[in-house]
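Below is one structure; the comments refer to it alone.
For clarity, every value in this text was computed on a predicted model and none was experimentally measured. So you know, we letter chains A, B, ... as the sequences are listed, proteins then strands, and number each from 1.
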Protein chains: 2
Amino acid sequence: MESRCENCIIRQFNSLRAMSKEELKKVSDSKTTKTIKKGEPIFEEGDKLNGVYCVRNGISKLSKLSANGKDQIVKLASKGEVLGQRSVISQESTNLSAIAVDDMEVCFIPKESITNTLQKNPNFTLEVLRHMAHDLKEADDVIVNISQKTVKQRMAEAFLYLKNNFGEDADGFLALTLSREDISNVVGTATESAIRIISEFKKKGLIHTSGKKIGIKDERKLLEMVEGF
Amino acid sequence: MESRCENCIIRQFNSLRAMSKEELKKVSDSKTTKTIKKGEPIFEEGDKLNGVYCVRNGISKLSKLSANGKDQIVKLASKGEVLGQRSVISQESTNLSAIAVDDMEVCFIPKESITNTLQKNPNFTLEVLRHMAHDLKEADDVIVNISQKTVKQRMAEAFLYLKNNFGEDADGFLALTLSREDISNVVGTATESAIRIISEFKKKGLIHTSGKKIGIKDERKLLEMVEGF
DNA sequence: TTAAAAATATGATATTTATCAGTAAATTGT
DNA sequence: ACAATTTACTGATAAATATCATATTTTTAA
């Protein structure tokens with residue numbers, strides 16, 4: 001396992017690539033690696049973060065608890081994503097919890113390495129800014145989707161999203177297996193509703209399942225459903 | 001009307017304040033002022049923007065059209081906000097339309113002034129980044145709200161939001177008067193549903209109305225409703 | 001391995017919200 | 001000032017979704 005940031009391939013996927021050699025060395029010297037087991041939190045809503053977390057392996061769900069006790073999953077983060085950046089930048093406590101969906105490996109980078117670089121290296125700052133601009137655009141899209149599409153459409157969309165972002169395994173199932181509850185929290189619906197729609201999609205031949213694993217069978221029809229046909 | 005950016009008070013509210021004197025002078029020399037009438041667009045979804053728009057006066061709604069022809073309003077921007085920043089930063093066409101809710105006055109700033117400064121002045125970039133981090137946090141909150149709260153709760157929240165952000169007039173009505181349709185587009189519901197809930201709130205003594213103007217009568221109860229009591 | 005716990009599944013029903021149809025009121029342009 | 005148009009409103013109904021109850025399957029842990 002590579003332990004020097006300078007050589008870490010993950011870096012290619014995130015803003016750290018805009019750091020200079022020396023900056024990267026500092027990060028590397030100050031970082032620590034952590035293992036997080038499935039279901040455990042990396043950090044929780046309201047925490048004050050002392051740094052950011054760079055995902056090396058596994059998937060994390062970023063979610064927020066609502067008054068009625070249900071989680072809303074705002075984003076699923078995988079290899080190369082940096083968690084907690086926003087809180088560190090705005091110097092506020094996080095508004096989201098990050099919980100491992102898989103067993104995970106993450107690097108913790110103390111905030112000083114980040115904030116120092118933000119103040120000195122415009123390239124890095126710009127790179128982070130571009131990432132954040134992208135995230136904001138995605139968030140806007142989610143807002144429009146949730147408020148304008150039916151639960152059925154959002155379910156179809158979620159399956160396509162999971163396929164496009166996390167791929168399929170050898171047997172044609174979605175590589176990222178989420179519990180029915182997590183699926184419902186991504187889509188923003190009741191767990192029973194999500195389960196019901198999974199059954200319906202199965203009957204219609206749009207997907208197939210095996211235990212909690214789900215595979216996409218008719219991508220075209222799912223896409224049509226998302227578009228509203 | 002002040003026409004030099006260096007002296008423009010609006011600047012105090014946005015990231016332009018992190019610019020140096022020379023940078024600001026360039027902006028000032030290249031900017032143009034535009035008047036936009038109520039209902040007219042500043043830019044529309046899909047446009048490629050050649051710059052950003054700094055709001056001097058009036059309110060703009062940032063919205064996105066869905067497949068079924070209904071708009072979702074993602075944000076209401078007022079004095080001091082800079083529109084189109086995200087698109088300019090990520091060099092993509094906009095995903096949102098900006099339409100004047102009021103008569104407006106905006107300054108158009110060509111993107112070169114912005115992108116040059118972004119590359120050279122880390123303070124400015126950091127300032128923009130902080131703003132964007134804030135916007136992203138707000139967007140996450142909107143996502144959770146929409147998916148976890150009822151239409152009634154979101155309506156209550158919308159009224160409180162309008163009061164807190166745009167204030168009240170001398171007669172105790174919300175200073176920003178939106179059409180019922182715009183309200184429904186902020187909340188993400190059918191216009192009829194929004195109207196129905198307005199009637200209900202009126203009966204319950206939570207708000208009062210006069211024509212399309214709405215005033216808050218019982219803030220405490222509205223707050224309780226948002227929290228789910 | 002087996003009992004207990006958790007997750008998945010399905011039916012019945014209630015609630016929320018949207019849609020359609022039509023009327024009343026307000027705004028606009030002449 | 002007035003007809004035309006848009007916006008606001010209300011009722012009836014349909015559709016979508018949540019909730020509650022309960023059964024079944026899967027996973028977990030002793």
The side chain of [X] is closest to which nucleotide in this list: [options]?
X	options	value
A:T150	D:dA8, D:dT17, C:dT10	D:dT17
A:E192	D:dT17, D:dA8, D:dC20	D:dC20
B:A190	C:dT10, C:dT17, C:dA18	C:dA18
A:R196	D:dC20, D:dT17, C:dT8	D:dC20

Given side chains that start at C-beta, do those of [X] and [Y] come closer than 4.5 Å, heavy atoms only?
X	Y	answer
A:E105	A:T33	yes
B:K202	B:L206	no
B:V187	B:I197	no
A:M132	B:R86	no

What integer distance in Å separates [X]:[atom1] from [N]:[atom2]?
X	N	atom1	atom2	value
A:K203	C:dA9	NZ	P	12 Å
B:K38	C:dT28	NZ	C1'	11 Å
A:K202	C:dT10	NZ	C1'	12 Å
B:L178	D:dA8	CG	C1'	15 Å
B:K213	C:dT27	NZ	P	10 Å
B:Q148	D:dT17	CD	P	15 Å
B:I207	D:dA8	CD1	P	13 Å
A:Q153	C:dA18	CD	P	14 Å

Phosphate contact ([N] OP1 or OP2) by [X] side-chain N/O below 4.0 Å:
X	N	answer
B:T189	C:dT17	no
B:S199	D:dC9	no
B:K212	D:dA8	yes

A:S147 vs A:T191, nearer the 5' end of DNA chain C by closest nucleotide
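Per heavy-atom nearest nucleotide, the more 5' residue is A:T191.
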Taking the nucleotide of DNA chain D with the closest heavy atom to each, which residue, B:R180 or A:K149, is nearer the 5' end?
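Closest to the 5' end, via its nearest nucleotide, is B:R180.
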Could you label the plane-to-plane angle of the B:Y161 and B:F166 rings as parallel, tilted or perpendicular, counting under 30° as parallel and over 60° as perpendicular?
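Correct class here is perpendicular.
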